[in-house]
S.K.: 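Please find one structure pasted underneath; my questions will follow.
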Amino acid sequence: MADSSHLPQYHSVEDVIFGEGLDTEPTVTTDTQSPEKPLPGPEPCAASDTYPADWSLKTRLLFTSSQPFTWTDHLKAQEEAQGLVLHCRAAGFSLPHSIAEPRLSTDLRCAFQQALVYWLHPTFPWLQLFPRIGADRKMTGKNSPWTQDEALQQVLMSEWALSFTSLYNLLRAKLCPYFYVCTYQFTVLFRAAGIAGSDVITAVMSPTTRGLREAMKNEGIDFSLPLVTNDPNKKAKASETSECDDKMQESDHTSEGEEAPPDSDEDESFSWLEEMGVEDKIKKPDAISIKLRKEKNEVKLDHRPESVVLVKGTNTFTLLNFLINCKSIVAAAGPQAGLPPTLLSPVAFRGATMHTMKARTVNVRTQVRSGYKDQFSLEITGPVMPHTVHSLTLLLKAAQKGSFSASLYTHDPTTVFNTAIHSQNCKEMDGAELANCGLHPMTLEQFTQSSTLGKSSLRHLDLSDYKFTWKC
């Protein structure tokens, strides 16, 4: 018998999955012993039958359960093929409340394959095209034949524009619920009318800079800064569009020799000089200084969550054309030079390539007071979109007998996509017109609800006795 003292010691399931020396095959099974380690974080919310929609992109999911995940291993060729066909046909799966033998359930295994599919453009197998923000280090040294070839860059961008337009047309026809545009500097989430409590198409962009916002305004794109205009401490700023218009008018009046409108804040801040009788001896800031001060405050928003931009309705089509013609969305130098932005979608579109996320299982023996217990885990890696999280939780709810935990690893720049995009009195949306958008009916029901997470995202999910709790 082997001496257990020579087995590697782990403190948590994460140590096994992310530890050094672990191979990258789709399925890995180890038998280790580790002391129990509580998960840090805030207290969970009240138990519920469901959980709020999370519009942030995830890079990794880690599910743990007292029940094994063997039903996810070694799918048969027919099960894999059937899962891909079900995805392409947007066929919703139907599972019982609890599955006694998950490993023997063909429907469950096909639905699992179906849930792992996503669509991507462009595709270069040797490059990891998500995430794009901060990806320079991973792309350094990779073969990029388009870097010094302008003709090839034009071909790539032309094909990208066709794919982007195809996605938007699907969105407008309510045959695609949402999609992401991932550039090396910012990410845009487009959502169809009826999604997230909005009766029109919406686009949320983050992070942004003052230069980008100015360029959008110059193209006639009407937008708002929801984290600024909805903040009671910053309502005096109103929307950036109207503020900039006021400043331009002020500048015009000043240039014509007219006296600029008085600033009430400025008058109050210098009233004490008048009380002392020295107001004529102290030079007050002129209109240009005041303008520069306001512009400095705008720049402070750059690259911060508060810089998130919301575009609605027909302005989203103008945004589409703006992004297609905007040269700054493609890096001019560095490892990502000449590489078009990544398009991510839950449904097929022109020029897209089908991909599947990677899944692997790990078995861990954890130490408890009475001895040891087996803990099983399932890791999903790849660009994990919101519908994937919901579909997988539906499957695991039935397969794991109503009990599992999930750690969700968020791509931080997309956390602000959970910002509310509507007024508090917005009515609930009817998802009937989105029935053919490719989402499971229960997923669609969740996605038509208004966003409630704000600037946070789901970090941990717990299912116990078929009831969800979560932490942000």
Side-chain angles (χ1 to χ4, degrees), residues 13-14 16-17 22-32 50-51 58 60-118 346 354-366 373-382 384-385 387-409 439-443 460-468:
V13 176
E14 286 88 345
V16 177
I17 290 191
L22 191 61
D23 59 51
T24 57
E25 292 299 319
T27 302
V28 177
T29 302
T30 60
D31 188 10
T32 62
T50 185
Y51 55 91
K58 310 295 181 185
R60 181 184 294 116
L61 304 178
L62 178 61
F63 297 97
T64 57
S65 175
S66 58
Q67 303 293 323
F69 292 95
T70 50
W71 56 272
T72 66
D73 293 339
H74 308 299
L75 297 182
K76 298 177 182 178
Q78 184 175 358
E79 292 171 335
E80 179 179 348
Q82 184 67 19
L84 297 179
V85 170
L86 290 173
H87 172 85
C88 292
R89 295 177 178 175
F93 54 82
S94 179
L95 298 173
H97 182 69
S98 179
I99 302 175
E101 294 292 339
R103 189 177 178 87
L104 302 179
S105 174
T106 300
D107 289 343
L108 175 64
R109 290 160 66 85
C110 290
F112 179 68
Q113 175 66 42
Q114 178 183 1
L116 297 180
V117 177
Y118 66 95
M354 175 189 285
H355 292 261
T356 57
M357 284 165 278
K358 295 180 180 179
R360 62 175 180 175
T361 59
V362 177
N363 301 341
V364 178
R365 182 172 295 176
T366 59
K373 70 174 182 180
D374 289 328
Q375 188 177 27
F376 306 93
S377 67
L378 169 67
E379 182 201 22
I380 307 293
T381 56
V384 185
M385 287 183 279
H387 75 285
T388 303
V389 176
H390 193 263
S391 296
L392 289 174
T393 55
L394 288 178
L395 296 178
L396 270 61
K397 190 174 185 179
Q400 304 305 117
K401 297 179 171 56
S403 177
F404 67 82
S405 295
S407 296
L408 299 86
Y409 297 82
L439 296 181
H440 189 279
M442 295 182 68
T443 304
H460 195 82
L461 275 176
D462 272 304
L463 181 69
S464 179
D465 195 22
Y466 296 94
K467 296 289 184 181
F468 284 103

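Because only heavy atoms are used, hydrogens play no part in the values below, and waters and symmetry mates are left out as well, while side chains stay in.
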S.K.: Enter the distance from Leu396:CG to Ser65:OG here, rounded to the nearest 0.5 Å.
M.R.: 7.5 Å
S.K.: Do His390 and His440 make a side-chain contact, defined as non-hydrogen atoms from C-beta onward lying under 4.5 Å apart?
M.R.: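 The answer is no, as the side chains (C-beta and beyond) never meet within the 4.5 Å cut-off.
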S.K.: Given side chain to side chain contact (heavy atoms under 4.5 Å, CB included), test Ile380 with Leu378 step by step and report yes or no.
M.R.: CA-CA 7 Å; Ile380 307 293; Leu378 169 67; 4.1 Å; yes
S.K.: Is the closest side-chain heavy-atom distance between Ser403 and Gln67 below 4.5 Å?
M.R.: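 Of all side-chain heavy-atom pairs linking Gln67 with Ser403, none is under 4.5 Å.
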S.K.: So, does Gln113 use its side chain to make a donor-acceptor pair with the main chain of Cys110 at under 3.5 Å?
M.R.: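 Pair absent, no side-chain N/O of Gln113 close to backbone of Cys110.
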S.K.: A quick test of your reading: do over 12 heavy atoms of other residues, nucleotides or ligands sit less than 6.0 Å from CE of Met442?
M.R.: no
S.K.: Ser377 side chain to Val362 main-chain N or O, any donor-acceptor pair under 3.5 Å?
M.R.: yes
S.K.: Return yes if some donor-acceptor pair links the side-chain N/O of Ser391 with the main-chain N/O of Thr388 below 3.5 Å, else return no.
M.R.: no
S.K.: So how far is it from Ser407 OG to Lys58 NZ, rounded to the nearest 0.5 Å?
M.R.: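 Going from OG on Ser407 over to NZ on Lys58, the span is 11.0 Å.
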S.K.: If you round to the nearest 0.5 Å, how far is OG1 of Thr356 from CD of Gln114?
M.R.: 13.0 Å
S.K.: Taking the six-membered ring for Trp and the full ring for Phe, Tyr or His, determine whether the centres of Phe468 and Tyr51 are under 6.0 Å apart.
M.R.: yes
S.K.: Any chance you could measure Met385, atom CE, to Met357, atom CE, to the nearest 0.5 Å?
M.R.: 6.5 Å
S.K.: Taking C-beta and beyond as the side chain, do Tyr118 and His355 meet within less than 4.5 Å on heavy atoms?
M.R.: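 When only atoms from C-beta onward are counted, His355 and Tyr118 do touch, with a gap below 4.5 Å.
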S.K.: Looking only at heavy atoms, which two atoms of Gln375 and Thr64 are closest? And how far apart?
M.R.: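 The pair with the smallest heavy-atom distance is NE2-CB, 3.8 Å.
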S.K.: Hey, are the side chains of Arg60 and Val384 touching, using non-hydrogen atoms and a 4.5 Å cut-off?
M.R.: no
S.K.: State, to 0.1 Å, how close Pro96 and Ile99 come at their nearest heavy-atom pair, and which atoms those are.
M.R.: CG-CG1, 3.8 Å
S.K.: Quick one: does Arg109's side chain have a donor or acceptor within less than 3.5 Å of a partner on Pro102's backbone?
M.R.: no
S.K.: Lys401 and Ala100: which non-hydrogen atoms are nearest, and at how many Å?
M.R.: NZ-O, 3.6 Å
S.K.: Work out which heavy atom in Met354 is nearest to a heavy atom in Cys88; give both atom names and the distance.
M.R.: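 In this case the closest contact between Met354 and Cys88 is CE-SG, 3.5 Å.
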S.K.: Which value, rounded to the nearest 0.5 Å, describes the distance between Phe376 atom CZ and Asn363 atom CG?
M.R.: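 Rounded to the nearest 0.5 Å, the CZ-CG separation comes out at 5.0 Å.
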S.K.: Would you say Leu62 and Tyr409 make side-chain contact, with heavy atoms under 4.5 Å?
M.R.: yes
S.K.: Starting from the C-alpha separation in whole Å, work towards a yes-or-no answer on side chain to side chain contact (heavy atoms under 4.5 Å, CB included) for Phe69 and Arg360.
M.R.: CA-CA 9 Å; Phe69 292 95; Arg360 62 175 180 175; over 6 Å; no
S.K.: Distance from Leu461 atom CG to Leu61 atom CG, nearest 0.5 Å?
M.R.: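 Rounded to the nearest 0.5 Å, the CG-CG separation comes out at 9.5 Å.
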S.K.: So do the side chains of Lys397 and Tyr466 get within less than 4.5 Å of each other, counting heavy atoms only?
M.R.: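 The answer is yes, as the side chains (C-beta and beyond) meet within the 4.5 Å cut-off.
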S.K.: Taking the side chain as everything from C-beta on, heavy atoms only, tell me whether His87 gets closer than 4.5 Å to Val85.
M.R.: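 No, too far: nothing below the 4.5 Å cut-off.
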S.K.: If every non-hydrogen atom of Val117 is compared with every non-hydrogen atom of His387, which pair is closest and at what distance?
M.R.: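 For Val117 versus His387, the nearest heavy atoms are O-NE2, 4.4 Å.
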S.K.: A side-chain contact here means heavy atoms from C-beta on lying under 4.5 Å apart; do Phe63 and Leu392 qualify?
M.R.: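 Yes, close enough: below the 4.5 Å cut-off.
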S.K.: Return yes if some donor-acceptor pair links the side-chain N/O of Gln82 with the main-chain N/O of Ala111 below 3.5 Å, else return no.
M.R.: no
